[in-house]
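What follows is a short report on a single structure.
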Protein chains: 2
Amino acid sequence: MSHQTVISIESIRIACRNCTLSSLCLPMGLAPEDVERLDGIIRRTRPLRRGDRPFQEGERFRSLFVVKTGSLKTFAATRDGSEQVLGFHLPGELIGLDGIDKGVHACTASALETSAICEIPFGQLEELTALIPSLQHQMYRLLSKEIGHDTDMLLVLGKKTAEERLAAFLLDFSQRLHRRGLSATDFYLSMSRHEIGNYLGLAVETVSRLFTRFQDDGLVHVERKHIRLLDLGALEAIANGQGPCRHQQQQR
Amino acid sequence: MSHQTVISIESIRIACRNCTLSSLCLPMGLAPEDVERLDGIIRRTRPLRRGDRPFQEGERFRSLFVVKTGSLKTFAATRDGSEQVLGFHLPGELIGLDGIDKGVHACTASALETSAICEIPFGQLEELTALIPSLQHQMYRLLSKEIGHDTDMLLVLGKKTAEERLAAFLLDFSQRLHRRGLSATDFYLSMSRHEIGNYLGLAVETVSRLFTRFQDDGLVHVERKHIRLLDLGALEAIANGQGPCRHQQQQR
DNA sequence: CCTCGTTTTTGATCTGGATCAAGGGTTTCT
DNA sequence: AGAAACCCTTGATCCAGATCAAAAACGAGG
């Protein structure tokens with residue numbers, strides 16, 4: 001029995017490490033001793049409960065964070081009091097990158113559900129990336145990927161209709177889950193309709209109506225926050241503006 | 001006379017180097033010998049004419065580019081044929097960062113007017129940043145700054161009215177010019193109304209009407225593409241949603 | 001099991017900005 | 001200079017999605 005316990009703890013530890021490090025080193029095939037060094041600077045943090053904030057807008061920037069389990073959102077406040085949701089973050093994803101430039105966090109992160117994250121002190125990570133070229137390259141790629149995701153969102157917010165936005169959102173979620181080996185068609189949306197609307201630049205009511213519409217059209221099955229995508233092809237067509245009800249889009 | 005020519009070429013070279021390198025090393029106070037090494041990998045390229053494209057969406061990513069003079073836009077095509085302007089780029093600014101992740105450019109860059117740029121082969125830059133910690137740090141900062149600018153735009157496109165968007169756009173331009181030591185209140189908009197609208201998620205007609213309105217209200221003086229900002233305070237108030245005609249903004 | 005607060009849904013109405021239309025300006029090419 | 005191709009502006013109309021309103025569904029705490 002104690003033997004079993006030891007095995008169990010060890011396997012958890014390995015699982016945990018893999019999950020934490022995967023976004024940093026998996027795509028590169030980092031050498032084992034370098035993985036060890038990277039692992040050395042990563043700090044376990046206490047588990048987060050819904051609403052807990054690993055960092056806050058305006059706070060001094062010290063570390064990046066990796067989502068281990070659960071999910072978080074990031075958001076920034078506007079001058080006039082409202083807030084803009086900037087992103088939702090799933091296991092394996094890195095957050096806090098926007099604080100590097102000014103040394104101050106540019107947004108607040110908040111757990112959407114019970115979650116676990118790891119902290120990576122950025123100063124130590126910088127020292128390490130200077131020594132390990134492939135890790136440096138991976139950091140550049142991660143920062144660039146973030147830029148790419150942001151510009152995708154610019155396109156969504158700048159040009160797409162409400163219908164296209166929600167379809168694109170669901171597909172983005174689906175793909176990110178798939179990349180982590182989770183189901184791409186059947187998942188849990190930990191954020192509220194309000195937060196989805198805020199993220200997509202839509203009113204709550206519009207989001208709710210669209211879910212109903214998508215369900216009526218047989219594209220998805222919605223039950224509270226559990227979503228099942230029934231027709232990925234049709235969703236893609238909608239997200240790309242080739243959906244059924246598109247009278248040819250004028251280039252604004 | 002030949003003496004004068006030599007001086008002139010040398011001063012141009014210095015001016016050019018300063019301008020090219022400023023975004024990479026000015027904020028850090030890089031050591032002179034490191035500036036020399038960085039300068040060594042920077043390639044002069046032929047001058048661009050309006051419409052020339054230093055790189056194109058889908059093309060293999062090899063280099064970053066620094067704007068020396070003039071201005072460029074970057075844009076990406078949507079599946080349905082239209083395009084989204086992702087940014088306008090002024091002297092001293094770095095473009096091409098979104099290609100690092102996938103090794104392929106994610107957008108196209110196009111000169112808005114006669115412009116000069118420099119090319120920085122990214123492979124060589126990576127080697128250099130691994131050797132020069134402060135340069136590596138500066139690269140992280142530049143990538144992070146880009147993320148910050150993108151998230152600012154997400155906020156603009158997600159939450160702001162047409163009026164607020166144009167005011168924010170003019171102020172952003174003003175600040176970026178100011179940072180390069182140019183006039184913050186009196187400048188030339190090298191892009192068309194159409195391109196401004198595309199960037200801000202607005203129709204051309206709306207942009208045109210807003211310029212007229214701002215001029216009528218005494219906020220700016222517009223003469224074709226020459227703009228003079230007359231009341232920065234009022235523009236900021238508008239950009240922040242505290243403008244005159246704001247019935248308190250509901251948090252969507 | 002009930003109560004109170006929050007979230008979601010549905011319906012009715014309103015509006016900011018898109019779209020359509022058309023005239024005058026400016027640049028480019030021949 | 002003449003013409004073809006944009007670019008910018010202004011006016012009139014329209015509509016996707018916001019806003020307002022209110023009922024239903026949930027969920028946490030007692």
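First the proteins, then the strands, lettered A, B, ... as listed; each starts at 1. Below, each value reflects all heavy atoms present in this structure, side chains not excepted, and no hydrogens, waters or symmetry copies.
Between the C1' atom of dT8(C) and the CZ atom of F211(A) lies a distance of 11 Å, rounded to the nearest Å. Remark: C1' of dA18(C) and NE2 of H194(B) are 14 Å apart, rounded to the nearest angstrom. Atom pair R165(B):CZ and dG17(C):C1' shows a separation of 10 Å (rounding to whole Å applied). At whole-Å resolution of the value, CG in L210(B) and P in dC8(D) are 15 Å apart. The separation between E205(A) atom CD and dT13(C) atom P is 16 Å, rounded to whole Å. Distance, R213(A) CZ to dG11(C) P: 13 Å, rounded to whole Å. Atom CG in L166(B) sits roughly 15 Å away from atom C1' in dC8(D) (whole-Å rounding). The interatomic distance linking R224(B) (CZ) with dC6(D) (P) rounds to 17 Å, in whole Å.
For dT9(C), one of the phosphate oxygens OP1 or OP2 lies less than 4.0 angstrom from a side-chain nitrogen or oxygen of R193(A). The phosphate of dA16(D) has neither OP1 nor OP2 within less than 4.0 Å of any side-chain N or O from T206(A). Within the 4.0 Å cut-off from OP1 or OP2 of dT10(D), at least one side-chain nitrogen or oxygen of T212(B) is found.
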Item checked: Residue pair F88(A), E195(A): steps toward the side-chain contact (heavy atoms from CB on, under 4.5 Å) verdict -> CA-CA 10 Å; F88(A) 301 110; E195(A) 286 163 327; 4.2 Å; yes

Test salt bridge (charged side-chain N to carboxylate O under 4.0 Å, His left out) applied to E164(A) and K159(A), step by step: CA-CA 9 Å; E164(A) 290 162 1; K159(A) 295 273 168 300; over 6 Å; no

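R209(B) contributes no side-chain N or O that forms a donor-acceptor pair with the base of dG16(C) under 3.5 Å.
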